[in-house]
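Below is one structure, written out as structure tokens; comments come after it.
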Amino acid sequence: MDRKVFLISGGSSGIGLSIADRLVQDGHQVISLSRSPEKVERALKEMPHLKDEVDFVNGDISDPGDADRLFREIEAKYGKLDGLVNNAGVLTKGTIETVSVEDWQFTLDVNLTGPYILTRAMLPLLRNAGSASVVNISSVAGLKPGTSVAYSVSKAGLDMLTRFLAGDLGPYNIRVNSVNPGLVRTHIHLDNKVFADRESYEAMLEKARPRYPIGRIGEPEDISALVTFLLSDEASWITGSIIAADGGVMVENDLIPPKK
Ligand SMILES: NC(=O)c1ccc[n+]([C@@H]2O[C@H](COP(=O)([O-])OP(=O)(O)OC[C@H]3O[C@@H](n4cnc5c(N)ncnc54)[C@H](OP(=O)(O)O)[C@@H]3O)[C@@H](O)[C@H]2O)c1
């Protein structure tokens, strides 16, 4: 099989790590961009087999200088790029009355401006590929107001970026799609201090579970299966799509009694 080169932002944790693992198992080269070496160490404890398989690069998705440096590194080391997953994301708390301007700005910088910066920086390589795929990891919180106004707005913006770029980049045979997960068990809530401790996090998962018609909270593999499909040639006619992978939470409503 053709060995492809894929860049994932935030491949050191949760959903991104699962995407990296799946792509490596399919025989592809994976590069991951993230900030903290501690999360790379944690990832390699979880998945030691990825040590020599994933090229973990240090950088911030919201920093144009980091994106340009990464572009030059990928061009020099691999000479091509077949796909990009804009997966890195942060979660902040708050309504219009409680969210600080700093948290609002930070959330939009990472979740929305970051994918714009990284996609733009990688364009020359993606155009050269002849056929390439970009997947933006959005959220159901971008389809329907969630619990954080900054997070929901950042993901709704990301979905529009997906649709806009699908039109702009289609002529280069670059496909662009959004995957919108429901609640998935990862490190995002505790790493971003949205919950004070594991106990309150687990209580939130248990409280949310009955709203999922499929009857369980998601696992990273539920999302990475769809993402790797969208990166593959089998998805060559799918672009500009906003696809929920959410155990059915988007069809849940107050008229349907919650499942026990
Ligand atoms: N888990 C869920 O319930 C859920 C639901 C819907 C959507 N999502 C979305 O799925 C994506 C992955 O989330 P996850 O749950 O897997 O989160 P996670 O476990 O916290 O992983 C996030 C990853 O993003 C990286 N990252 C964060 N800020 C970054 C930055 N500025 N530059 C580069 N890398 C950065 C993190 O590494 P560093 O911090 O070291 O940089 C980490 O590798 C996010 O976009 C999230 O919004 C998650």
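Both counts, for ligands and for their atoms, begin at 1 and track the order of listing. The analysis underlying the following values was restricted to heavy atoms, covering all of them including side chains, and did not include hydrogens, waters or symmetry mates. Just so you know, these numbers come straight off a predicted model, no measurement behind them.
Here the closest non-hydrogen pair linking P181 and I223 is CB-CD1, 3.6 Å.
Which parts of ligand 1 touch G89 is read off a 4.0 Å heavy-atom cut-off, strictly below it: atoms 24 (O), 27 (C), 44 (C), 45 (O). In summary, the atoms of ligand 1 found under 4.0 Å from a heavy atom of L33, numbered by their order in the structure, are 33 (C), 34 (N). With ligand atoms numbered from 1 in the order given, ligand 1 contributes 16 (O), 19 (O) to contacts under 4.0 Å with heavy atoms of G14. The contact set between ligand 1 and D60, taken as ligand atoms under 4.0 Å from a residue heavy atom, comprises 30 (C), 31 (N), 32 (N). Each of the atoms 28 (N), 31 (N) of ligand 1 lies under 4.0 Å from some heavy atom of V110. The ligand atoms of ligand 1 that sit less than 4.0 angstrom from a heavy atom of G59 are 32 (N), 33 (C). Per-residue contacts place V184 under 4.0 angstrom from the following atoms of ligand 1 (heavy atoms of the residue considered): 1 (N), 2 (C), 3 (O). Of all the atoms in ligand 1, the ones that sit under 4.0 Å from a non-hydrogen atom of L183 are 3 (O).
For the pair R42 and D191, the salt-bridge criterion is met [side-chain N within less than 4.0 Å of a carboxylate O]. Ion pairing between R209 and E206 holds under the 4.0 Å rule for side-chain N and carboxylate O. Ionic pairing of D66 and R35 is not present here: no N-O contact between side-chain nitrogen and carboxylate oxygen is shorter than 4.0 angstrom. By the 4.0 Å N-to-carboxylate-O rule, E41 lies too far from K45 to be salt-bridged with it. A salt bridge is absent between K93 and D103; no separation between the charged side-chain nitrogens and carboxylate oxygens falls under 4.0 Å. The pair E202-R185 meets the salt-bridge criterion, with a side-chain N (NZ, NE, NH1 or NH2) lying under 4.0 Å from an Asp/Glu carboxylate O.
For the ligand labelled ligand 1, residue S32 lies outside the 4.0 Å heavy-atom shell. Residue-ligand proximity: P220 is placed with every non-hydrogen atom at 4.0 Å or more from ligand 1.
Counting heavy atoms closer than 4.0 Å to ligand 1, residue S62 contributes nothing at all.
Residue-to-ligand polar distances place R35 within reach of ligand 1: an N/O pair is separated by less than 3.5 Å. In terms of N/O distances under 3.5 Å, ligand 1 is approached by K155. Considering backbone and side-chain N/O atoms, K39 comes within less than 3.5 Å of an N/O atom of ligand 1. Checking only distances, S12 does come within under 3.5 Å of ligand 1, N or O to N or O. Of the N or O atoms in Y151, one or more lie within a sub-3.5 Å distance of an N or O in ligand 1.
At a threshold of 4.5 Å between non-hydrogen side-chain atoms, the residues V249 and L183 do not count as touching. Between L118 and S9, the closest side-chain pair of non-hydrogen atoms falls below 4.5 Å.
N87 O, 3.1 Å is the protein heavy atom nearest to atom 44 (C) of ligand 1. Nearest to atom 6 (C) of ligand 1 among the protein's heavy atoms is P181 O, 3.4 Å. Looking only at heavy atoms of the protein, atom 17 (O) of ligand 1 is closest to I188 CB, 3.4 Å. Of the protein's non-hydrogen atoms, the one nearest atom 18 (P) of ligand 1 is S13 OG, 3.6 Å.
Closest heavy-atom approach to atom 48 (C) of ligand 1 within the set D109, I8, I61, I15: this belongs to I15. Evaluated by nearest non-hydrogen atom to atom 40 (O) of ligand 1, the leading choice among P37, A208, S36 is S36.
Using bins of under 30°, 30° to 60° and over 60° for the plane-to-plane angle, the ring pair H189/F195 lands in the tilted bin.
A single hydrophobic cluster is not seen to contain both V54 and I74; linkage of ILVMFWY side chains at heavy-atom distances under 4.5 Å, directly or through other members, places them apart.
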Donor-acceptor list for residues 160-171 side chains, cut-off 3.5 Å, not counting sequence neighbours:
| residue | atom | partner | partner atom | Å |
| --- | --- | --- | --- | --- |
| T162 | OG1 | N136 | ND2 | 2.9 |
| T162 | OG1 | L158 | O | 3.2 |
| T162 | OG1 | S178 | OG | 2.7 |

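The side-chain hydrogen bond (donor to acceptor under 3.5 Å, both in side chains) contacts involving residues 229-239 comprise K4-D233, where partners must be two or more places apart or lie in separate chains.
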